[in-house]
There are 2 protein chains.
Amino acid sequence: MKTKITSPACAEKLKVLSDPTRLGVLESLMSGPKNVGELMGELDVEQSLLSHHLATLRDAGLVESFRDGKTMIYQLPESVADSTAGKAINLGCCKISFD
Amino acid sequence: MKTKITSPACAEKLKVLSDPTRLGVLESLMSGPKNVGELMGELDVEQSLLSHHLATLRDAGLVESFRDGKTMIYQLPESVADSTAGKAINLGCCKISFD
DNA sequence: TATTCATATGAATGGAATTTAATATGGACC
DNA sequence: GGTCCATATTAAATTCCATTCATATGAATA
């Protein structure tokens, strides 16, 4: 009986983080909710491309969004925003903390 | 002056982790050094494929290897094996901890 | 309701990463 | 030296992803 040590699910979540734009979004959102325009400015990335990446993050459950007037606000779900001692992201399977 | 929040270098390191086989190798090595045959058995992956993934991990500095008789032993470098309170992997830019 | 603003979606492309198969290397042992 | 064993390397095939471009949606406001 061969035991798979690691859940492929965890690798999949990590893959979502393994892109500079998506990682940038998450890092930015660690300091609070932002709308898409603000993220675009901060990360210096095109509208459509950012939107695709936001969709990937949303599909993975790493961000959530709601409308505010004519803009869309993105934020980290409570379960993901693990702020015990410094900035960290909780993926469920593992936790990533930044210095 | 547009500030890139996240270092692309960190995303790149995370990409190395974002594969089930490579993540499995790291998790396995967290409990101690292993030779390639042992890893093959544990992870149920073909020799050549595992070798490729080990090379990727080595190139990223996430594992190191040395010969022991006729086998090759792989282990986590000291800088990576961050064992403060549970199992964790230190990427430099961030730290990944498993429950 | 027509227009504009902010964001999302879909299809097409190019390039990179994964996988496989075949072969090479290099130490151990006879 | 020759053979076996464990692992690495190369090249080719394939699959996956990021990016771009063009267009759609949908709320706000005139």
Side-chain angles (χ1 to χ4, degrees), chain A residues 2 4 6-29 33-76, chain B residues 2 4-26 28-29 33-76:
Chain A
K2 235 143 232 184
K4 279 259 168 52
T6 307
S7 67
C10 190
E12 223 167 298
K13 293 218 167 187
L14 286 168
K15 189 173 303 172
V16 177
L17 296 202
S18 73
D19 171 275
T21 299
R22 291 193 294 265
L23 187 55
V25 168
L26 291 180
E27 274 205 76
S28 172
L29 295 186
K34 304 243 164 58
N35 67 42
V36 177
E38 292 170 325
L39 289 170
M40 257 176 71
E42 270 193 67
L43 299 170
D44 193 21
V45 60
E46 295 229 46
Q47 185 274 314
S48 171
L49 181 53
L50 177 55
S51 197
H52 281 299
H53 284 303
L54 288 172
T56 301
L57 287 165
R58 237 184 305 115
D59 291 349
L62 296 180
V63 302
E64 59 190 17
S65 63
F66 58 90
R67 180 171 287 276
D68 172 43
K70 51 168 58 180
T71 80
M72 288 296 267
I73 309 250
Y74 279 78
Q75 66 187 8
L76 301 181
Chain B
K2 235 143 230 183
K4 277 261 169 51
I5 293 176
T6 307
S7 67
C10 189
E12 222 166 300
K13 293 219 167 187
L14 286 169
K15 190 176 302 173
V16 177
L17 297 202
S18 73
D19 172 274
T21 299
R22 292 193 295 264
L23 187 55
V25 168
L26 292 180
S28 172
L29 295 186
K34 305 244 164 56
N35 67 43
V36 177
E38 292 169 325
L39 289 170
M40 257 176 72
E42 270 192 66
L43 298 170
D44 193 21
V45 61
E46 295 229 45
Q47 186 274 315
S48 170
L49 182 52
L50 177 56
S51 197
H52 281 300
H53 283 302
L54 288 172
T56 300
L57 286 166
R58 236 182 308 114
D59 291 350
L62 295 180
V63 302
E64 60 189 18
S65 63
F66 57 90
R67 179 171 288 276
D68 172 44
K70 51 168 59 179
T71 78
M72 287 296 267
I73 309 248
Y74 278 80
Q75 66 187 10
L76 301 182

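Below, read A as the first sequence line, B as the second, and so on, with proteins coming before strands; counting in each chain starts at 1. From a predicted model like this one, the values you see are computed outputs, not experimental measurements.
Partners of A/Glu12 by side chain to side chain donor-acceptor pair (under 3.5 Å), not counting sequence neighbours: none found. For the side-chain contact (heavy atoms from CB on, under 4.5 Å) test, residues two or more places apart in sequence or in another chain that qualify with A/Asp68 are A/Thr71, A/Ile73. Applying the salt bridge (Lys or Arg N to Asp or Glu O under 4.0 Å) test to B/Lys34 and every residue at least two apart in sequence or in another chain returns B/Glu42. For B/Gln47, the side chain to side chain donor-acceptor pair (under 3.5 Å) test picks out no residue, with sequence neighbours left out. With sequence neighbours excluded, no residue satisfies side chain to side chain donor-acceptor pair (under 3.5 Å) with B/Glu46.
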Validation: residues 51-58 of chain A side-chain donor-acceptor distances under 3.5 Å, sequence neighbours left out:
from, atom 1, to, atom 2, distance (Å)
A/His53, ND1, A/Arg22, NH1, 3.0
A/Thr56, OG1, A/His52, O, 3.2
A/Arg58, NE, A/Tyr74, OH, 3.3
A/Arg58, NH2, A/Tyr74, OH, 3.2

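Comparing D/dA8, C/dT18, D/dC5 against the side chain of B/Asp19 picks out C/dT18 as the nearest. Between D/dA18, C/dT9, D/dT7, one nucleotide has an atom nearer to the side chain of A/Ser51 than all others, and that is C/dT9.
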With the criterion being N/O to N/O and under 3.5 Å, what pairs connect the protein with nucleotides 20-24 of chain D, and how long is each?
from, atom 1, to, atom 2, distance (Å)
D/dT20, O4, A/His52, NE2, 3.2
D/dC21, N4, A/Ser48, OG, 2.6

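Protein atom CZ of B/Arg58 is 12 Å distant from nucleotide atom P of D/dT7, rounded to whole Å. One atom, NE2 of A/His53, and another, P of D/dA18, lie 6 Å apart when rounded to the nearest Å. The nearest whole Å value for the distance from the CD atom in B/Glu38 to the P atom in D/dA6 is 12 Å. Distance B/Lys13 NZ to C/dA17 C1': 19 Å, rounded to the nearest Å.
OP1 or OP2 of D/dC17 has at least one side-chain nitrogen or oxygen of A/Lys15 nearer than 4.0 Å.
Scanning residues 59-68 of chain B for heavy-atom distances under 4.0 Å to DNA chain C yields B/Arg67.
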